[in-house]
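Working notes for the structure below.
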Amino acid sequence: MPKTIIYQLLPRTFANFNTHPVHNGDITQNGCGKMNYITASALREIKQLGATHIWFTGVIEHATQTDYSAYGIRKDHPAIVKGKAGSPYAIKDFYDIDPDLAEDVPHRFQEFEALVARTHRAGLKVIIDFVPNHVAREYHSDNLPEGAEDLGAHDHSDWAFSPLNNFSYLPGEKFSPTFDIGDYEEFPAKVTGNDCFTAHPSRNDWYETVKLNYGMFYRGGREKQFEPIPSTWKKMRDVLLFWASKNIDGFRCDMADMVPQEFWEWVIPQVKKAYPALIFLAEIYTPSLYKGYLAAGFDFLYDKVGMYDYLRAVTSKNYPVEGISQQWQQTDDIRAHMLYFLENHDEQRIASGFFCGRGMCAQPAMIVAATLGTNPLLIYAGQELGEKGMLAEGFSGIDGRSSIFDYCGVPALQAWANDGKWDGARLDDEQKELREFYKTLLNIAKSEKAVSEGTMYDLEYAQVEGFNKHEQFAYLRHYEPKPYSGKGRKPAKQEEKETILFVLNFDDKQVDVNVRIPAEAFRHLNIDETSEYITFRDLLTGNTYSAPFNSCVPFVITLPAWKGAILKIEE
């Protein structure tokens, strides 16, 4: 099976072609990307880049400072909306499409359905967000399906906690953050989304959201009241089934580990029974919960606190490269389910001044993320172009991230989009070179069976003189075709073995690397040693090398700074 490669994009910024925005501008001043702007041409380019899935971020309606009351959508109080555009993770109606993303607001669902169909025609699958932990403070559905009940419709707000309630309350207390919110009133105060059990959240809290109640009494020593099934469980199951019916292919579940595992164990099997092909991806940051959440039905989990954090530290803080071995070993038994990435909407851009200042410098880290395992990979739109994320768009200051709160564009994506032509005509030479690197790498990861289906052997432990473990990393990947079982149609052509040697240089200077391949690696992967010279072809550059392939003679290669070689043996 091909490797899962997810391309994340925020339609609001991805398809915003306005290159002359004003600071903290509204939608009329700065424009907004629309679903219709993500054309067949754009999708074709993303497919050719190597993606198998697109994660459309911010599709479901969220709180905003833009007034859509003319369309029957209740206006939000600006004091509890982050930025003019608002956070995609402050959902205000689980049953509606965000009106910002529609050219014709009354037909926003038709535009979404057309985007899904267009994406599928391009050979890509569709993932959207499911945000189960919290909602916007003024949550209210204007688009409830017939027979559905709104969140909080039957809550008893004088009860601090009840499994009958959809929210948790602070009875007798008025919502009064540590900053001015003008004439906004909330009484009694609801618990804030980041488990902030006070009526006085700060600006650093998720003050624009309120936490949903899944039957966990946090102030009662995390007492669980899951029988009978809490009201929130049923309502959120209905939300999942509603969106699954829209022909999507998966959910990225926001802050999944802030929601009880028991809910996931209950809901995922029900949704998958109705839609067996759906995938569930968990944003999760607690390693001790990984196996439980996989057992609950999740297909993939974020590997943020392990592999992401370490690859970033190697690239930007000069951590020893040999420590990568420890990171994959920590999750080795579940590694096929761990999502690797170097960027997403929460993390700082690689090319920002907060990470390493240049997209090119992350090439060896990106090779590790893409090829070390058969597990899935995430790319964030603009990463492949070296987007810096160093603008102060408005609510979002200069923090190394592309804002998700403001009406703005992403400069590198705008250069690639070229006013909707999606031809890359305005990219500079380095952006073109970096995008070509990503395109080559992702297609290697997807098409080479040694990567997508094979076995990895870490060579780091075996390196000696001529190899700097602080700066270089090496591993083998090998694919062994299964013999014909005699059942079914016999393949027209017997598959061949594939062996690929990866040698990576994280140093800021060119180096000569001597890679020792121990005899145990040949035995473990069922590879024959040979003293004859064989040809290795670098799949990244097309360069060829001739060398013996055995445990007695090291493989020698010269690598430029921040580069890697993907050396496939040509029989």
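Only this structure's heavy atoms are used, side chains among them; waters, hydrogens and symmetry mates stay out.
Taking the six-membered ring where tryptophan is involved, the planes of F263 and W266 are tilted, since the angle between them lies from 30° to 60°. Ring orientation note: the planes of F280 and F251 are tilted relative to one another, at an angle of 30° to 60°. Classification of the Y68-Y71 ring pair by plane angle, with boundaries at 30° and 60°, yields tilted. The aromatic rings of F130 and W264 sit perpendicular, their planes meeting at an angle over 60°, well past the 30° parallel limit.
For N143 and S141, the side-chain atoms include no donor-acceptor pair closer than 3.5 Å. With hydrogens and angles left out, the side-chain atoms of Y95 and E61 include no donor and acceptor closer than 3.5 Å. Side-chain atoms of D129 and Y89 include a donor-acceptor pair closer than 3.5 Å. In this structure, a donor-acceptor pair under 3.5 Å is absent between the side chains of T19 and Q414. Counted by atom type alone, H200 and T178 present zero donor-acceptor pairs between their side chains at under 3.5 Å. Side-chain contact of D155 with S157: a donor-acceptor pair under 3.5 Å is absent, judged by distance alone. Residues Q383 and E387 bring no donor and acceptor atom of their side chains to less than 3.5 Å of each other. For the residue pair H345 / Q8, a side-chain donor-acceptor distance below 3.5 Å is found, with atom types taken as modelled. If you check the side chains of E223 and Q225, you find a donor sitting under 3.5 Å from an acceptor. With hydrogens and angles left out, the side-chain atoms of T286 and Y293 include no donor and acceptor closer than 3.5 Å.
A donor-acceptor contact shorter than 3.5 Å is absent between the side chain of D205 and the backbone of Y207. Looking at E283, its side chain does come within 3.5 Å of a backbone N or O of M255 through a donor-acceptor pair. Remark: the backbone N or O of V259 is not paired with any side-chain donor or acceptor of N133 at under 3.5 angstrom. A donor-acceptor distance shorter than 3.5 angstrom exists from the side chain of N16 to the backbone of G31, with no hydrogens or angles considered. Not one N or O on the side chain of D406 forms a donor-acceptor pair closer than 3.5 Å with the backbone of C408. No donor-acceptor distance shorter than 3.5 angstrom exists from the side chain of H53 to the backbone of V126, with no hydrogens or angles considered. Formation of a donor-acceptor pair under 3.5 Å by the K92 side chain with backbone atoms of D76 is not found in this model. The closest donor-acceptor contact from the side chain of R401 to the backbone of N344 lies at 3.5 Å or more, if one exists at all.
Here F300 and W55 keep their ring centres 6.0 angstrom or further from each other. Here Y380 and F341 keep their ring centres 6.0 angstrom or further from each other. Residues Y37 and F14 place their aromatic rings such that the two centres sit no closer than 6.0 Å. In summary, the aromatic rings of W233 and F226 are positioned with their centroids under 6.0 Å apart. Ring centroid separation for the pair Y319 and Y310 comes in under the 6.0 Å cut-off. Here F187 and F175 keep their ring centres 6.0 angstrom or further from each other.
Put simply, the side chain of Q29 does not reach to within 4.5 Å of the side chain of Y407, judged on heavy atoms. Side-chain contact check for P145 versus F242: some heavy-atom pair is nearer than 4.5 Å. Residues Q330 and P287 have side chains not in contact (no heavy-atom distance under 4.5 Å, counting atoms from C-beta outward). No side-chain heavy atom of R108 sits less than 4.5 Å from a side-chain heavy atom of D98. Counting heavy atoms from C-beta on, the side chains of L9 and I46 come closer than 4.5 Å. A heavy-atom distance below 4.5 Å is found between the side chains of N194 and C196. Between D100 and T64 the shortest side-chain heavy-atom distance falls below 4.5 Å. The shortest distance between side-chain heavy atoms of R74 and D142 falls below 4.5 Å.
Under the salt bridge (Lys or Arg N to Asp or Glu O under 4.0 Å) criterion, R219 pairs with no residue, sequence neighbours left out.
Cation-pi check for K190 over Y169 is not met; the charged atom does not lie both under 6.0 angstrom from the ring centroid and within 45 degrees of its normal. For the pair R312 and F355, the cation sits on the ring face: its NZ or CZ lies under 6.0 Å from the ring centre, inside 45° of the axis.
Here the rule is side-chain hydrogen bond (donor to acceptor under 3.5 Å, both in side chains) with S402, and of K388, E393, R349 only R349 fits it. T192 pairs with exactly one of H134, R137, K211 by the side-chain contact (heavy atoms from CB on, under 4.5 Å) rule, that one being R137. I54 pairs in a side-chain contact (heavy atoms from CB on, under 4.5 Å) with only one of the listed residues (V116, I38, L115, L43), which is L43.
Residue-environment remark: NZ (K246) exceeds the threshold of 12 foreign heavy atoms within 6.0 Å. Other residues, nucleotides and ligands contribute over 12 non-hydrogen atoms within 6.0 Å of the NZ atom of K84.
Using a 4.0 Å cut-off between charged nitrogen and carboxylate oxygen, D333 and R335 do not count as a salt-bridge pair. A salt bridge links K224 with E262: the distance from a Lys NZ or Arg NE/NH1/NH2 to an Asp or Glu carboxylate oxygen falls below 4.0 Å.
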Criterion side chain to side chain contact (heavy atoms under 4.5 Å, CB included) on I324 and V368, from CA distance to verdict: CA-CA 9 Å; I324 293 172; V368 170; 4.2 Å; yes

Check against side chain to side chain contact (heavy atoms under 4.5 Å, CB included), Y308 and L311: CA-CA 5 Å; Y308 167 84; L311 287 176; over 6 Å; no

Intermediate values then yes/no, side chain to side chain contact (heavy atoms under 4.5 Å, CB included), I6 and L281: CA-CA 11 Å; I6 302 169; L281 163 62; 4.3 Å; yes

Pair V271-L241, side chain to side chain contact (heavy atoms under 4.5 Å, CB included): steps then yes or no: CA-CA 6 Å; V271 178; L241 290 170; 4.2 Å; yes

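Counting all heavy atoms, side chain and backbone alike, A256 lies closest to F298 at CB-CZ, 4.0 Å. The nearest pair of heavy atoms linking L144 to D150 is CD1-N, 3.6 Å. Taking both residues in full, the closest heavy atoms of H62 and P88 are given as CD2-CA, 3.5 Å, listed atom of the first, atom of the second, then distance. Closest approach of L391 and P411 over heavy atoms only: CD1-CG, 3.6 Å. Contact between S352 and G400 at its shortest, heavy atoms only, is CB-CA, 3.6 Å. Considering all non-hydrogen atoms of both residues, H156 and N165 come closest at N-OD1, 2.9 Å.
For the atom pair Y302 OH and L339 CG, the distance stands at 7.0 Å (nearest 0.5 Å). Here the straight-line distance linking atom OH of Y214 with atom CG of N166 works out to 9.5 Å at 0.5 Å rounding. Note that CZ of F167 is 10.0 Å distant from OG of S231, once rounded to the nearest 0.5 Å. Interatomic distance, OH of Y340 versus CG of L377, reported as 10.5 Å (0.5 Å rounding).
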